[in-house]
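The block underneath contains the structure these notes are about, expressed in structure tokens.
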Amino acid sequence: MLKIYNTLTGKKDVFEPLVPGTVRMYVCGVTVYDYCHIGHARSALVFDVVRRYLEYSGFRVEFAKNFTDVDDKIIKRANEQHVSCDTITATYIQAYHDDMRRLGVRPASIEPKATEHMADIVRLTETLIAKGLAYQVDGDVYFEVAKYGDYGRLSKRKMEDLQAGARVGVDERKRHPMDFALWKSAKPGEPAWPSPWGQGRPGWHIECSAMSIRHLGETFDIHGGGMDLIFPHHENEIAQSCGATGKEFARYWMHNGFVQINQEKMSKSLGNFFTIREIFEKSEWAEAETGEMLRYFLLATQYRGPLDFSDQALKEAKNAVNGFYDLFARLAETGGNASGDAGLNPAIERCTVAFQSAMDDDINTPVAIAALQGLRSDVNKLLDQGLSAKSRKQAREEFRSLGQCLALFQLDKWQFNRPKNVVPLAGTAKASARVMSAPLIMHSGGDEEEQRIQRLVEERCEAKKRKEFKRADEIRTELASQGITIEDKPDGTSRWKR
RNA sequence: GGCGCCGUACCCAAGUGGUAAGGGAGCAGUCUGCAAAACUGCGAUGCAGCGGUUCGAACCCGCUCGGCGCCUCCA
């Protein structure tokens with residue numbers, strides 16, 4: 001039984017979708033005017049994991065994640081770079097997809113754009129005016145907060161409190177300082193669409209209402225996003241949507257915590273952010289491996305809590321992931337008896353029960369990972385006793401199956417410690433220089449290199465057989481200087497890794 | 001000013017009324033030609049501090065200290 005912490009109720013609610021068997025969820029995506037940072041990565045990954053676990057639990061998931069592609073910041077960026085807004089948004093949508101692919105975040109089933117829903121937005125705005133919840137001033141349309149009774153329900157704020165905190169210098173044409181724009185008249189040179197109120201563009205909040213209603217219906221199950229969206233964005237979405245439809249909007253509201261740097265929120269304005277592509281660029285590991293350690297790092301903390309990002313934390317995550325892939329390497333080997341086979345099913349059963357109950361408890365990924373760590377330990381012990389080929393395969397499959405929920409452990413056995421061969425994407429610090437040297441970097445990780453290492457490893461095994469330990473140690477030292485570690489197996493052969 | 005969050009071992013991190021999961025790092029041991037990996041053992045009598053409620057509190061209540069977030073764009 002899945003429980004989800006619902007911002008709306010302030011507690012963990014039992015999750016039951018409106019339509020049995022199908023979950024409809026909407027997550028606020030990004031405004032496409034710049035590269036994504038780790039904070040965006042966390043949000044995207046967390047909701048990807050929610051979706052994966054719902055699917056694992058047997059639900060069909062209709063998952064919509066939008067792109068905000070009309071916005072002041074986009075217009076500003078386009079003007080700065082003397083290009084069209086379309087160029088900016090196309091660039092960063094592509095960048096978003098690249099980043100998500102490297103992170104292992106699956107595309108949503110629907111990825112709507114604000115610019116493609118102008119008719120829906122205009123219609124929704126008209127409805128709100130017709131219902132007396134919105135008013136027109138010049139070419140602008142505002143939502144009238146005072147006319148909507150439940151305002152503040154999500155963020156637990158009272159209208160009076162908001163009034164007290166409202167900034168001075170608000171638009172005098174607004175009837176209340178908290179009234180917000182549904183439609184903004186266009187200034188010369190800005191992108192604009194026709195409307196009953198003249199040429200203009202939508203306000204920020206209305207697009208999410210229009211797109212979620214369009215793709216998921218007036219009432220749907222889960223709405224997610226970062227904590228910072230609770231107010232005003234999600235509060236306003238609720239007001240608009242419920243105001244227009246008269247029905248319940250999203251039933252469960254999930255909000256992820258921030259990624260921090262030295263206890264402070266990572267944000268553009270503070271300048272203390274790392275972009276996703278920067279992390280991949282700076283990583284000394286190949287793309288797939290960097291993605292894996294990043295995922296492990298991001299999921300090792302429960303999604304609602306704050307998460308401090310640092311090189312050390314990433315290194316620790318890498319070491320932890322190493323333990324799993326060391327086990328997978330053992331599982332991939334042949335030989336051994338079946339003395340431990342009888343213990344495997346009980347161990348898998350224990351792990352699965354623990355894993356599911358952790359995930360059922362508001363997607364508690366750290367506890368779910370602990371369950372997998374438990375299985376890792378159990379399987380290593382059974383492997384010391386001996387596991388048949390069939391059992392080894394079964395064990396590996398179990399990690400793959402449960403790991404699928406966390407987007408973890410899908411890599412093949414030897415891939416984890418490959419050297420770096422990242423081909424940089426645009427927007428990284430040394431993108432152009434690295435592109436030039438990319439073929440060389442990739443060559444160092446190629447088959448030829450692996451064959452050379454393999455030959456040395458074999459030579460060392462021969463030396464060991466002849467008890468020529470001096471020569472064997474020489475080879476090991478030489479390989480170690482290249483970052484390669486050798487592990488001798490009981491049968492006299494060796495495995496190696498970087 | 002309003003609303004809210006965080007403070008658990010060297011580090012990361014669960015636990016939210018029944019007597020401190022898990023990981024990383026470290027130390028010791030087993031195994032090994034030596035290593036590595038694996039395995040075994042060690043590690044908070046205590047959960048920022050002080051009071052209170054309770055048979056019992058890291059968990060509930062109050063106060064204090066330290067840090068942060070939202071209220072303006074923000075994952």
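So you know, we letter chains A, B, ... as the sequences are listed, proteins then strands, and number each from 1. The figures here come from the full heavy-atom set of this structure, side chains too, leaving out hydrogens, waters and symmetry mates.
B:rA44 and B:rA58 have their C1' atoms separated by 12 Å, given to the nearest Å. The same atom, P, is picked in B:rA48 and in B:rG66; the two are 16 Å apart, to the nearest Å. For the P atom pair drawn from B:rC31 and B:rA36, the interatomic distance equals 15 Å after rounding to whole Å. With C1' as the reference atom, B:rG24 and B:rA9 are 13 Å apart, rounded to whole Å. B:rC70 and B:rG22: their C1' atoms are spaced 32 Å apart (whole Å). On the C1' atoms, B:rG29 is 48 Å away from B:rU53, given to the nearest whole Å. To the nearest whole angstrom, the two P atoms, one in B:rG23 and one in B:rA13, are 16 Å apart. The gap from the P atom of B:rA20 to that of B:rC47 amounts to 12 Å, rounded to the nearest Å.
Atom NZ of A:K268 is surrounded by more than 12 heavy atoms from other residues, nucleotides or ligands within 6.0 Å. Within a 6.0 Å sphere centred on NZ of A:K187, heavy atoms belonging to other residues, nucleotides or ligands number 12 at most. Around the NZ atom of A:K3, the shell of radius 6.0 Å holds no more than 12 heavy atoms that belong to other residues, nucleotides or ligands. A:D491 CG: more than 12 foreign heavy atoms inside a 6.0 Å radius.
Within 4.0 Å of A:G257, counting heavy atoms only, lies at least one base atom of the nucleic acid. When heavy atoms are screened at a 4.0 angstrom cut-off, A:D71 is found touching no nucleic acid atom at all. Residue A:D473 is in base contact, counting any heavy-atom pair closer than 4.0 Å across all strands shown. Within 4.0 Å of A:F297, counting heavy atoms only, lies no atom of the nucleic acid at all. A:S377 comes within 4.0 angstrom of the backbone, heavy atoms only, and of no base. Using a 4.0 Å heavy-atom cutoff across all strands shown, A:D384 reaches sugar-phosphate atoms only and no base atom. At a threshold of 4.0 angstrom between heavy atoms, the contacts of A:S269 with the nucleic acid are absent. Using a 4.0 Å heavy-atom criterion, one finds that A:R42 contacts no nucleic acid atom at all. Across all strands shown, A:H233 has no heavy atoms under 4.0 Å from either base or sugar-phosphate atoms. Within 4.0 Å of A:V259, counting heavy atoms only, lies at least one base atom of the nucleic acid. Using a 4.0 Å heavy-atom cutoff across all strands shown, A:F231 reaches sugar-phosphate atoms only and no base atom. Residue contacts shown for A:G39 include a base, since a base heavy atom lies under 4.0 Å away. A:K464 comes within contact range of at least one nucleobase, with a heavy-atom separation under 4.0 Å. At a threshold of 4.0 angstrom between heavy atoms, the contacts of A:R466 with the nucleic acid are absent.
Here A:H97 and A:F67 bring their ring centres to under 6.0 angstrom of each other. Ring pair A:F309/A:F274: centre-to-centre distance below 6.0 Å. Between A:F180 and A:Y142, the gap from one ring centroid to the other reaches at least 6.0 Å.
For the pair A:Q260 and A:A320, both in contact range of RNA chain B, the more 5′-proximal nearest nucleotide belongs to A:A320. The nearest heavy atom of RNA chain B to A:G225 and to A:E264 marks one nucleotide each, and the one closer to the 5' end goes with A:E264.
For the pair A:R157 and A:E235, the salt-bridge criterion is not met [side-chain N within less than 4.0 Å of a carboxylate O].
The side chain of A:D228 sits closest to B:rC70 out of B:rG33, B:rG23, B:rC70. The side chain of A:H40 sits closest to B:rA75 out of B:rA37, B:rA75, B:rG22. Minimum atom distance to the side chain of A:N319 is reached by B:rA25, of the listed B:rA37, B:rA25, B:rA75. Closest contact between the side chain of A:E316 and the listed nucleotides B:rA21, B:rC34, B:rG24 involves B:rG24. For A:E487, whose side chain is taken as the heavy atoms from C-beta onward, the closest listed nucleotide among B:rA25, B:rA21, B:rA36 is B:rA36. Closest to the side chain of A:D488, out of B:rA13, B:rU72, B:rG33, is B:rG33. Closest contact between the side chain of A:K381 and the listed nucleotides B:rA38, B:rC39, B:rA75 involves B:rC39.
Taking atom NE2 of A:H234 as the reference point, atom C1' of B:rG69 lies 16 Å away to the nearest angstrom. The distance from atom CG of A:L270 to atom P of B:rU72 is 17 Å, rounded to the nearest whole Å. Look at CD1 on A:I475: it is 15 Å from C1' on B:rC34, rounded to the nearest Å. Between the NZ atom of A:K265 and the C1' atom of B:rC6 there is a distance of 16 Å, rounded to whole Å. Between the CG atom of A:L229 and the P atom of B:rA75 there is a distance of 6 Å, rounded to whole Å. For A:D361 and B:rA14, the CG to C1' distance is 10 Å, given to the nearest whole Å.
Against RNA chain B, the stretch residues 299-314 of chain A makes heavy-atom approaches under 4.0 Å through A:A300, A:T301, A:Q302, A:Q312.
Judged by the 6.0 Å and 45° rule, A:K12 forms no cation-pi pair with A:Y5.
For the pair A:N322 and B:rG23, the criterion of a side-chain N or O lying under 4.0 Å from OP1 or OP2 is not met. Using a 4.0 Å cut-off, no side-chain N or O of A:K158 falls inside it from OP1 or OP2 of B:rC71.
In RNA chain B, runs of at least 3 stacked Watson-Crick or G-U pairs (N1-N3 plus N6-O4 or O6-N4, or N1-O2 plus O6-N3, all under 3.5 Å) give these stems: B:1-7 with B:65-71, B:10-12 with B:22-24, B:26-30 with B:38-42, B:48-52 with B:60-64.
A heavy-atom distance below 4.5 Å is found between the side chains of A:W253 and A:L154. Using a 4.5 Å cut-off on side-chain heavy atoms (C-beta onward), A:R495 and A:I486 make no contact. Side-chain contact between A:T7 and A:R304 is absent, with no heavy atoms from C-beta onward closer than 4.5 Å.
Side chain A:R476 to base B:rA35: a donor-acceptor pair is found below 3.5 Å.
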Note to self: Assess the residue pair A:D72 and A:R77 against the criterion (salt bridge (Lys or Arg N to Asp or Glu O under 4.0 Å)); give the C-alpha distance rounded to whole Å, side-chain angles, the decisive distance to 0.1 Å, and a yes or no.
What the structure shows: CA-CA 9 Å; A:D72 288 348; A:R77 184 59 62 98; over 6 Å; no
